Amino acid sequence: MKVLGIDIGGSGMKGALVDSVTGEMLTERFRIPTPPSRKPEEMAEVVKQIVEHFNHKGPVGVGFPTIIKHGICKSPGNLHKSWMNVNVKELFSKATGLPVAVINDAGAAGYATMNYGVGKDKEGFVIMITIGTGLGSGAFFNGELIPNFELGQIPYKKYKKIESWAAASAKEREGLSYKKWGKRFNVFLELVELLICPDLIILGGGTSKDFDQFKKYITIDTPVIPAELRNHAGIIGAAAAALHEVSKD
Ligand code: BGC
């Protein structure tokens, strides 16, 4: 079945049609920059434009960069604070006139990676970390998603949340080299290892494509590998997870 997967981030909103059985992307990725306000109405309008671009009439799966509980935003992350308690599923269903399912963006990326990527058949406790505007995390135990793991929210020194210091946005904002940023990211991974001791960490998000440039700064014992679906995992996972959800409705 053809499902439209939409991966929403702090800087871009990206969509593609996905075969929900094989996890294959059937079209090129279409990207619209996230409206600078990062507010609900403006972002819903972009979701509508993405649907129109593909002239899509079927189910839509959205990976959304906040805590999502039963379709509702429970912490706005790096988006506008007015997202708090918005029913994201309803808002996007209304805007598009289509059945929409919404899950956390890192949960979606992890879902794709565990079903179609390097995480396939990986047992035990696996953490997907997406490196972007924030640090997203999706947790899986024996392949099952444990929703809304928010490891990027760990407080660190003067920072309310470590993602403000160690995400890709900090690298960009402060013009850090891969060496400087890689060391920061490693501090984050050290905390993750100490707190939850996973069996495997998989890295996704735009920055993971440059894994070769920063892997030497990662010194934790837990194996760390890049997700070969790279930046497409969010779209594919949103689509696949959506179908899973919509079929339960
Ligand atoms: C949010 C997470 C999200 C991550 C990546 C964080 O600010 O709290 O829910 O997964 O950013 O987008």
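Note that the coordinates shown come from a computational prediction; the quantities given were computed from them, not determined experimentally. Order of listing sets the numbers, starting from 1, for every ligand and every atom in it. Count residues from 1 along the sequence.
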Check ligand 1 for N or O atoms under 3.5 Å from a protein N or O and list each pair with its distance.
| residue | atom | partner | partner atom | Å |
| --- | --- | --- | --- | --- |
| ligand 1 | 7 (O) | Asn78 | ND2 | 3.2 |
| ligand 1 | 7 (O) | Glu163 | OE1 | 3.1 |
| ligand 1 | 7 (O) | Glu163 | OE2 | 2.7 |
| ligand 1 | 8 (O) | Glu150 | OE1 | 2.6 |
| ligand 1 | 8 (O) | Gln153 | NE2 | 3.1 |
| ligand 1 | 9 (O) | Asn104 | ND2 | 2.9 |
| ligand 1 | 9 (O) | Glu150 | OE1 | 3.4 |
| ligand 1 | 9 (O) | Glu150 | OE2 | 2.6 |
| ligand 1 | 10 (O) | Asn104 | ND2 | 3.1 |
| ligand 1 | 10 (O) | Asp105 | OD1 | 2.6 |
| ligand 1 | 12 (O) | Asp105 | OD2 | 2.6 |

Do Lys171's NZ or CZ and the ring of Tyr178 fall within the cation-pi criteria of under 6.0 Å and 45°? yes

Give a yes or no answer on whether the side chain of [X] reaches the backbone of [Y] with a donor-acceptor pair at less than 3.5 Å.
X	Y	value
His53	His56	no
Glu228	Gly117	no
Asn148	Ile68	yes
Arg38	Asn78	yes

Assess whether a salt bridge exists between Lys74 and Glu150, defined as any Lys/Arg side-chain N lying under 4.0 Å from an Asp/Glu carboxylate O. no

